[in-house]
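All remarks here apply to the structure that follows.
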Amino acid sequence: RHLIEPLIQLVDDMNGEVNQIKEKFGGLRFYYSVDDYSQLHRIINKMEAESFKTCEECGKPGRIRYGGWLKTLCDTHAAIRRREQNMKDG
């Protein structure tokens with residue numbers, strides 16, 4: 001969230017439109033339309049790169065975790081995910 005909200009505000013300030021926000025391969029993907037792409041493109045690239053080392057759940061430092069879908073998680077949320085997966089697997 002702390003990566004996404006500033007991007008949404010920036011696009012809004014530039015009278016642009018956010019087309020889609022999603023997670024793909026464990027990182028942020030942010031699609032938008034604005035008149036001047038150059039400045040915004042650099043900022044979004046930086047935030048997308050940051051998303052690969054930021055926990056999707058809490059915003060703390062994290063890393064890509066495997067096990068089904070790729071997710072970027074801190075150690076705490078990775079442990080929670082493992083427990084949940086183990087419970088499902090029975």
Please lay out, stage by stage, how Q85 and R81 fare under the test side chain to side chain contact (heavy atoms under 4.5 Å, CB included).
CA-CA 6 Å; Q85 287 177 333; R81 182 181 188 207; 3.7 Å; yes
Let me see the working for R83 and I80 under side chain to side chain contact (heavy atoms under 4.5 Å, CB included), right down to the final yes or no.
CA-CA 5 Å; R83 279 195 305 273; I80 292 169; 3.3 Å; yes
The test is side chain to side chain contact (heavy atoms under 4.5 Å, CB included); show your working for N15 and V34 and say whether it passes.
CA-CA 7 Å; N15 297 315; V34 294; over 6 Å; no
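Residues forming a side chain to side chain contact (heavy atoms under 4.5 Å, CB included) with A49 (at least two apart in sequence, or on another chain): none.
The closest side-chain heavy-atom distance from F30 to I8 is below 4.5 Å. Residues H77 and C58 form a side-chain contact, since some pair of their non-hydrogen atoms from C-beta on lies under 4.5 Å apart. Side-chain atoms of E56 and E23, non-hydrogen and from C-beta on, do get closer than 4.5 Å to each other.
Side-chain atoms of T72 never come within 3.5 Å of backbone atoms of G62 as a donor-acceptor pair (strictly under, hydrogens ignored).
When all heavy atoms of R65 and C74 are compared, the closest pair comes out as NH2-C, 3.4 Å. Nearest heavy atom pair, residue I43 against residue L10, reads CD1-CD2, 3.5 Å.
Within 6.0 Å of CG in D35 there are 12 or fewer heavy atoms belonging to other residues, nucleotides or ligands.
Under the 4.5 Å side-chain contact rule for hydrophobic residues, L28 and L73 do not share a cluster. Linking Ile, Leu, Val, Met, Phe, Trp and Tyr residues whenever their side-chain heavy atoms come within less than 4.5 Å leaves V18 and Y31 in two separate clusters.
With L3 as reference, E50 is the one residue of E48, E50, K46 to meet the side-chain contact (heavy atoms from CB on, under 4.5 Å) rule.
Through direct or indirect side-chain contacts shorter than 4.5 Å among Ile, Leu, Val, Met, Phe, Trp and Tyr, Y66 is connected to F25, F52, I64, L70.
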